There are 2 protein chains.
Amino acid sequence: MNDFEKDFDYLGRIQDYYADNRCLPSYARLMGLLGFASKSAVSKLLARLQLQGFLTRSADGDWAPTDRFFERTLSSQPVPAGMPVAARDVGSDAFAIDQYLIERPSDTLLIPVKGDSMIDAGIHEGDLAVIERRNRANSGDIVIAIVDNEFTLKTLGREQGRFVLLPANPAYPVIRPKAELEIFGVLVGLVRKYRG
Amino acid sequence: MNDFEKDFDYLGRIQDYYADNRCLPSYARLMGLLGFASKSAVSKLLARLQLQGFLTRSADGDWAPTDRFFERTLSSQPVPAGMPVAARDVGSDAFAIDQYLIERPSDTLLIPVKGDSMIDAGIHEGDLAVIERRNRANSGDIVIAIVDNEFTLKTLGREQGRFVLLPANPAYPVIRPKAELEIFGVLVGLVRKYRG
DNA sequence: TTGCCAGGAGAACGTACGTTCTCTAAAGTA
DNA sequence: TACTTTAGAGAACGTACGTTCTCCTGGCAA
């Protein structure tokens, strides 16, 4: 393992710590975490990671992760077993999930999916719907509409010039709103977590 | 504003600070942030927020946000028509999804899904599979296996003591590997983007 | 009015913090 | 070989840290 890979391995452990604790570890804890016996080693490592753009200093002078800190490996080709993920091999790329899904952060929110009315569209109960707030949508879009004071996730359709809400499950009826259909937002992404 | 609302306001400012700095503020900074003139006021506030389940102590004894701390990014309650949205945007919380899905960043990578062999599990072509690298898995897990030097996403099953790979699409056959089955990782999450 | 309670002020304390030195050992280069 | 570079060890320093007291004050109930 060369120096570059070693620092990448260190970075991985810091990322894991951050995922657990939602905060960067102190110098003392980094010593234990990385196997260092001195804080100056930690200090120099952090300086190197800052140069590579993974860390920065906050306004208060504390260390803080950068966007690059949260980039994950995107790989479409199998890599030999035993190769560390962190060592970005050929065919792999860096990738930030949130930036991929969310284009307009201030207009975007996450809403848990209830029920199975969109199951045929691959949208399951418990999935997290990434919704961009908007009052208009096109036929064919999957939208969050407000019906009877409740959020409803359905495909927007048209019938005789009127908007209707189409479930993606034959067990559910098409919703034909009597009044104006109130669209809350448009589905721009979906997030599902497995294992609890 | 009663005591409960006041604490909620304090919590909001702590959440804002966290979104900016990706770390909870120290007692001294909380004093400035909340308008307190003493640290004991901070100490007691944190104790109250802990009771309400917004904060907790990490294994190292530090304060750490709980899941509930981030809950404002999820709107689980229906929003009455015409009312302003109680749900918070995802805007300031720059990596909400990433942190939701990924527990061990250094062992996690993203792999684009090819084909429709898992369509009945709600996994579509073009989705991004969030994979945690691991050589072992349990029957019933959805895994990435390496077959013919290609990634294959299937449900892990057992047949007469041997591992097999089960598609979630009747058009595809069960894969019964002749040699040892090479498991690359386990599916821990799924990400889908709509609208190009 | 009195007593009680809780949020906050203010101060003291011990410690863990981040920084910054010098020094060592190993690796690379001429 | 000798020179240079660099990751890390180790120690020292000043400070900001979290905790824990006591005391003050306003609100509420009896």
Side-chain angles (χ1 to χ4, degrees), chain A residues 1-18 20-66 68-69 84 86-88, chain B residues 1-66 68-69 106:
Chain A
M1 196 169 7
N2 64 28
D3 290 352
F4 180 78
E5 289 169 340
K6 216 156 50 169
D7 278 4
F8 229 96
D9 179 55
Y10 291 149
L11 174 65
R13 298 202 219 175
I14 298 176
Q15 288 170 324
D16 287 350
Y17 183 97
Y18 189 94
D20 280 344
N21 298 78
R22 303 228 145 93
C23 195
L24 290 175
S26 70
Y27 280 51
R29 279 200 267 276
L30 278 169
M31 285 172 56
L33 205 62
L34 308 176
F36 289 158
S38 76
K39 291 201 223 175
S40 66
V42 174
S43 177
K44 293 182 183 177
L45 171 65
L46 293 184
R48 269 176 274 147
L49 292 178
Q50 183 178 23
L51 262 181
Q52 291 169 49
F54 292 107
L55 295 174
T56 185
R57 297 280 193 170
S58 78
D60 296 318
D62 298 333
W63 286 106
T66 63
R68 196 165 176 207
F69 184 88
R88 293 182 178 165
Chain B
M1 192 165 16
N2 62 29
D3 288 354
F4 180 79
E5 290 168 338
K6 218 156 47 168
D7 278 4
F8 208 83
D9 178 55
Y10 291 150
L11 175 63
R13 297 202 219 175
I14 299 176
Q15 287 169 327
D16 288 345
Y17 182 97
Y18 187 92
D20 282 344
N21 297 76
R22 310 229 167 87
C23 196
L24 290 175
S26 70
Y27 281 49
R29 279 201 268 277
L30 278 170
M31 285 172 57
L33 206 62
L34 308 177
F36 289 159
S38 75
K39 290 201 223 175
S40 67
V42 175
S43 178
K44 293 184 183 175
L45 171 66
L46 294 184
R48 267 175 276 146
L49 291 177
Q50 183 178 22
L51 263 181
Q52 292 170 48
F54 291 108
L55 295 174
T56 185
R57 298 280 194 169
S58 76
D60 297 316
D62 299 332
W63 287 107
T66 62
R68 194 166 177 202
F69 183 87
S106 66

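Everything quoted here is computed from the prediction, not taken from an experiment. Values below: all heavy atoms of this structure, side chains included; hydrogens, waters and symmetry mates excluded. Chain letters run A, B, ... following the sequence lines, proteins first and then strands; every chain starts at 1.
With hydrogens and angles disregarded, a donor-acceptor distance shorter than 3.5 Å links the side chain of B:Arg22 to the backbone of A:Pro65.
Summarising the geometry of B:Gln52 relative to B:Asp7, their closest heavy-atom pair is NE2-OD2, 3.9 Å, with the distance given to 0.1 Å. Across all non-hydrogen atoms, the minimal contact from A:Arg68 to A:Gly53 is CB-O, 3.4 Å. The heavy-atom pair separating B:Met31 from B:Val42 by the smallest distance is CG-CG2, 3.8 Å.
When the C1' atom of C:dA9 is taken as reference, atom CZ of B:Phe36 falls 11 Å away, rounded to whole Å. Residue A:Trp63 contributes atom CH2, which lies 7 Å from atom P of C:dT19 at whole-angstrom precision. Atom CG of A:Leu49 and atom P of D:dA7 are 11 Å apart (whole Å). When rounded to the nearest whole Å, the span between CZ of A:Arg29 and C1' of D:dC17 equals 12 Å. Between B:Leu45 atom CG and D:dG18 atom P there is a gap of 14 Å when expressed in whole angstrom units. B:Met31 places its CE atom 10 Å from the P atom of D:dC17, with the value rounded to the nearest Å. The interatomic distance linking A:Leu24 (CG) with C:dA16 (C1') rounds to 17 Å, in whole Å. Rounding to whole angstrom units, NZ of residue A:Lys44 and C1' of C:dT20 are separated by 10 Å.
With sequence neighbours left out, the side-chain hydrogen bond (donor to acceptor under 3.5 Å, both in side chains) criterion links B:Arg57 to no other residue. For A:Asp16, the side-chain hydrogen bond (donor to acceptor under 3.5 Å, both in side chains) partners are B:Ser106, not counting sequence neighbours.
End-to-end axis angle of the helix from C:dT1-D:dA30 to C:dA30-D:dT1, using five pairs per end and rounding to 10°, comes to 30°.
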TODO: Using the side-chain contact (heavy atoms from CB on, under 4.5 Å) rule, take A:Ile14 and A:Phe69 through it: C-alpha gap first, then chi angles, then the decisive distance, then the call.
DONE: CA-CA 10 Å; A:Ile14 298 176; A:Phe69 184 88; 4.0 Å; yes

I'd like a table of donor-acceptor pairs (distance under 3.5 Å, sequence neighbours excluded) in which one partner is a side-chain atom from residues 23-30 of chain A, with atom names and distances.
from	atom 1	to	atom 2	distance (Å)
A:Ser26	OG	A:Arg29	N	3.3
A:Tyr27	OH	A:Trp63	NE1	3.1
A:Arg29	NE	A:Tyr17	OH	3.1
A:Arg29	NE	B:Asp60	OD2	3.4
A:Arg29	NH2	B:Asp62	OD2	2.2

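The list of side chain to side chain donor-acceptor pair (under 3.5 Å) pairs with a residue in residues 33-42 of chain B, not counting sequence neighbours, reads B:Ser38-B:Ser40. The stretch residues 25-61 of chain A participates, sequence neighbours left out, in no disulfide bond (SG atoms under 2.5 Å apart) pair at all. Residue pairs that meet the ring pair (Phe, Tyr, Trp, His ring centres under 6.0 Å) test with at least one member in residues 31-56 of chain B, sequence neighbours left out, are B:Tyr10-B:Phe36.
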Below 3.5 Å is the cut-off: list the nitrogen or oxygen pairs between protein and nucleotides 10-14 of chain C, distance only.
from	atom 1	to	atom 2	distance (Å)
C:dG10	O6	B:Ser40	OG	3.0

Atom pairs, protein N/O to nucleotides 25-28 of chain C N/O, distance under 3.5 Å:
none

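Between D:dG8 and A:Tyr10, a contact under 4.0 Å exists linking OP1 or OP2 to a side-chain N or O. Checking the phosphate oxygens (OP1, OP2) of C:dT19, no side-chain nitrogen or oxygen of A:Ser43 falls inside 4.0 Å.
Against DNA chain C, the stretch residues 55-62 of chain A makes heavy-atom approaches under 4.0 Å through A:Arg57.
Atom CG of B:Leu11 sits about 7.0 Å away from atom CG of B:Leu55, to the nearest 0.5 Å.
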